[in-house]
Protein chains: 2
Amino acid sequence: MTVSRQRRATLPDVAALAGVSTAAAGRALGGYGSVSEEVRQRVLNAAEQLNYRANRLAASVRTGRTDTIGVVCADIESPFFARALRGISDVAHKHGFSTLVTNSDEDLTSERNAVQLLLDKQVDGIICAPADVQQVAHLAQAQGAGTPVVLFDRMSDHLDADAVIVDGVKAAYQAVSRLIALGHERIAIVAELRQPREQDWARFLTPAADVSPGVLSPSEARLLGYLRAHWDAGVPVRRELVRRTGAYDVGAAYRQMKRVLALKHPPTAVFLVDNLMTVGSYRAIRDSGISVPERLSVLAFDDLDWTVLVSPALSVIAQPVYEMGAEAARQLIARIRGGREDGPGTTVMDVTLIERESTAPVVRAPGPVLAPARAHGRRPPAARVAPSPSGASPGG
Amino acid sequence: MTVSRQRRATLPDVAALAGVSTAAAGRALGGYGSVSEEVRQRVLNAAEQLNYRANRLAASVRTGRTDTIGVVCADIESPFFARALRGISDVAHKHGFSTLVTNSDEDLTSERNAVQLLLDKQVDGIICAPADVQQVAHLAQAQGAGTPVVLFDRMSDHLDADAVIVDGVKAAYQAVSRLIALGHERIAIVAELRQPREQDWARFLTPAADVSPGVLSPSEARLLGYLRAHWDAGVPVRRELVRRTGAYDVGAAYRQMKRVLALKHPPTAVFLVDNLMTVGSYRAIRDSGISVPERLSVLAFDDLDWTVLVSPALSVIAQPVYEMGAEAARQLIARIRGGREDGPGTTVMDVTLIERESTAPVVRAPGPVLAPARAHGRRPPAARVAPSPSGASPGG
DNA sequence: CTGAAAGCGCTTACAG
DNA sequence: CTGAAAGCGCTTACAG
């Protein structure tokens with residue numbers, strides 16, 4: 001079954017049928033310049049008859065605008081970016097822009113290629129969640145060539161651009177402080193922390209250190225908040241409770257969580273730093289048969305579909321993900337339109353700590369912490385005890 | 001801080017610097033036609049010096065190709081489409097195509113606009129999950145204008161196009177038959193079923209009816225499989241157990257599930273037809289405090305991150321989502337490249353029934369089915385009993 | 001292999 | 001308001 005591919009009608013076709021010049025036809029259809037009502041009607045009729053649709057590419061070549069926003073996600077499959085994307089595209093559409101979405105998979109080379117592709121396709125501006133906050137020369141170059149850039153979820157000291165973020169340090173600080181207030185002193189953290197940067201951790205360990213958020217990846221920021229919450233509460237940080245996966249990888253999170261639970265002195269609480277870490281770690285917790293929150297309090301970054309479906313429901317730090325995307329789009333469009341005279345700025349959005357059922361006051365563990373797998377959630381709840389007054393960690 | 005926007009170098013700029021014609025420069029950089037090695041080098045050097053990047057838009061205007069695939073998702077936020085999108089874009093990139101992603105939100109008007117936008121942007125082909133399998137004239141028109149279309153997740157008798165789908169009738173039949181084999185006779189189903197089509201259901205109710213999959217939406221296909229499994233097993237279909245939400249809406253699924261659980265003769269099993277229905281319904285089940293699988297077996301369509309995180313782990317019908325996306329992209333690219341002589345065809349992918357912990361043999365319910373909310377998962381497991389030999393539904 | 005010219009389908013000054 | 005012409009930045013026949 002062969003479909004006859006009749007050539008698409010072009011502007012000259014319409015103009016000829018309407019008996020006017022191409023220029024007039026373009027003006028009538030494109031909403032620029034001025035035309036008499038009579039010509040407009042003739043052209044509109046002709047266009048309809050020919051089923052005419054303007055070739056936006058051709059127009060873009062001429063005008064230099066594409067009415068398109070390029071987006072570089074770090075992981076398009078994660079609920080975080082999926083939701084943010086919706087915020088971005090809702091705002092974009094409202095303003096007559098479409099979005100061209102790419103994915104870096106947290107890989108710098110992929111990100112550079114993605115940015116290049118967007119630039120080649122002449123997007124009017126770029127929203128990017130940079131894979132590496134230290135390596136952003138390609139973004140600076142885009143800016144230099146006249147394509148505005150808005151950073152999303154991560155900011156960088158090496159780029160003078162608008163950014164829409166959450167204060168990861170503060171959010172983690174709030175989360176971990178809450179756990180400490182519940183009496184926990186052995187709090188594990190599972191985080192990506194791609195770059196080891198152990199030397200920087202040492203620097204972070206100096207309470208007075210002034211660390212710019214623009215040199216921290218999201219997971220580093222959250223680690224810093226974790227550390228600061230400990231210092232401020234006078235709770236020592238246990239190195240073995242800080243678990244680095246090295247990548248945004250569910251399996252790695254699973255393994256790190258398993259490992260930390262198998263310690264002679266296991267944690268009584270855990271802070272999971274993003275949704276991938278949460279999925280992997282939570283699976284490990286479930287497989288280990290540890291009862292939550294009796295033996296282990298769990299607090300996770302990012303609210304997800306399923307956080308209320310598990311038993312007990314997960315306590316979380318919720319980010320305003322949709323709104324973050326929407327705001328990034330708004331800022332970018334303002335730059336594209338040239339309506340902003342001010343220099344680049346950073347917009348910090350607020351998070352919300354939602355306490356559900358997975359966090360509870362610490363309880364003295366009398367026996368072994370491991371229980372048979374699958375028994376999880378079927379045992380009677382352990383008696384809840386007030387936080388132990390002393391700061392001593394439970395005896396081995 | 002003003003960034004100096006120096007004009008981007010163009011092909012004539014490069015040609016001038018290299019001391020050759022624009023045509024030669026284009027050939028050297030574009031990989032078409034032939035150039036001497038010496039010219040190539042001079043041009044490459046010049047391009048590098050000027051930081052030249054070809055304007056792909058301009059090239060597209062000339063060639064009529066954009067190396068871009070348009071995608072119309074029904075819900076970009078759902079894990080199903082997010083994963084499929086990855087399959088699509090992985091294959092697309094491998095073949096030198098990028099993707100332009102739009103979203104219909106299951107709305108026909110949005111879909112028409114999206115398709116129009118993609119066409120205006122001159123995409124080389126379109127992958128679409130049509131919101132309405134009956135209303136696809138806009139897609140036929142795209143095909144007529146020479147833009148190939150591949151249907152994804154849903155096929156239509158009204159469009160002669162390639163399609164990549166799962167056999168929803170068969171998959172649901174398999175799922176529900178399994179529940180029946182476990183002794184369940186009161187099996188609820190929660191499904192979108194936007195159009196009431198009650199008259200068609202009546203037709204479906206005739207076992208012999210030959211229903212073409214191309215006239216069914218995914219949820220209708222799954223309903224049909226549900227019905228057929230009942231007939232073939234000689235189990236009567238209870239109208240009150242067929243719950244229609246009318247939209248892909250988590251809240252509506254929650255309400256329908258609540259309602260069916262509140263029936264005097266509640267179901268002993270439930271089949272959840274897609275991931276949104278599952279999230280909403282599962283929340284209702286949890287809030288109702290019904291113990292799974294003791295009082296209610298749960299079987300859901302689509303495997304998700306969290307299906308193994310809840311207690312008990314959910315039994316599911318898993319679709320090969322990534323592979324479905326990849327295959328759709330492969331087929332579309334083959335059409336674009338013109339390498340296919342055969343007519344359009346439908347590719348049906350296999351699903352897998354994964355039995356985990358949420359499905360079990362039916363048990364006679366001695367007392368009331370409702371238990372206090374939140375008690376869920378904390379009670380000792382009910383004794384498991386073999387399926388009752390008679391087909392009688394439990395007494396009220 | 002190479003270049004001058006035309007052309008893709010639009011929009012934009014520029015006269016009238 | 002209207003049209004003839006030039007131009008956006010490429011690629012494509014067409015001669016040489």
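Just so we're on the same page: letters track the sequence lines, and every chain starts at 1.
- Across the protein-nucleic acid pair, B:Gln41 atom CD and C:dT2 atom P stand 13 Å apart, rounded to whole Å.
- Classification of A:Arg83 and A:Glu77 as a salt-bridged pair fails, no side-chain N sitting under 4.0 Å from a carboxylate O.
- Salt bridge status for B:Arg86 with A:Asp75: present, with a side-chain N to carboxylate O gap under 4.0 Å.
- For B:Arg27, counting side-chain heavy atoms from C-beta on, the closest listed nucleotide (D:dG3, C:dG3, D:dG9) is C:dG3.
- Following rounding to the nearest Å, A:Leu11 (CG) and C:dT12 (C1') show an atom-to-atom distance of 13 Å.
- When the C1' atom of C:dG3 is taken as reference, atom CZ of B:Arg42 falls 13 Å away, rounded to whole Å.
- Here B:Asp162 contributes atom CG and B:Gln331 contributes atom CD; the two are 5.0 Å apart, rounded to the nearest 0.5 Å.
- Taking a cutoff of 4.0 Å between a charged side-chain nitrogen and a carboxylate oxygen, B:Asp67 and B:Arg56 qualify as a salt bridge.
- Judged by distance alone, with hydrogens and angles left aside, the side-chain atoms of B:Asp132 form no donor-acceptor pair with the main-chain N or O of B:Leu108 at under 3.5 Å.
- Here A:Arg8 does not pair with A:Asp13 in a salt bridge; the nearest charged N to carboxylate O distance is not below 4.0 Å.
- Listed for the B:Ser36 side chain is a donor-acceptor partner under 3.5 Å among the backbone atoms of B:Val39.
- Base engagement by B:Ala23 is indicated by at least one non-hydrogen atom pair under 4.0 Å involving a base atom.
- Between the C1' atom of D:dC10 and the CG atom of A:Asp120 lies a distance of 13 Å, rounded to the nearest Å.
- Other residues, nucleotides and ligands contribute only 12 or fewer heavy atoms inside 6.0 Å of the CD atom of A:Glu48.
- Near-neighbour residues of DNA chain C inside residues 31-40 of chain B, defined by a heavy atom below 4.0 Å, number-ordered: B:Ser34, B:Val35, B:Ser36, B:Val39.
- For DNA chain C, the residues of residues 52-68 of chain A within the heavy-atom distance limit of 4.0 Å (strictly under) are A:Tyr52, A:Arg53, A:Ala54, A:Asn55, A:Ala58, A:Ala59, A:Arg62, A:Thr63, sorted by number.
- Every stem involving DNA chain C, taken as at least 3 paired positions in a row under the Watson-Crick or G-U wobble test at 3.5 Å, is listed here: C:1-3 with D:14-16, C:5-12 with D:5-12, C:14-16 with D:1-3.
- The phosphate of D:dG3 (OP1 or OP2) has a side-chain N or O of A:Ser21 nearer than 4.0 angstrom.
- At a threshold of 4.0 Å, the pair A:Arg330-A:Glu323 counts as salt-bridged, since one of the basic side-chain nitrogens sits closer than that to a carboxylate oxygen.
- Note that CG of A:Leu44 and CD of A:Glu37 are 8.5 Å apart. Values are rounded to the nearest 0.5 Å.
- Going from atom CG of B:Leu29 over to atom P of D:dG9 covers 16 Å, rounded to whole Å.
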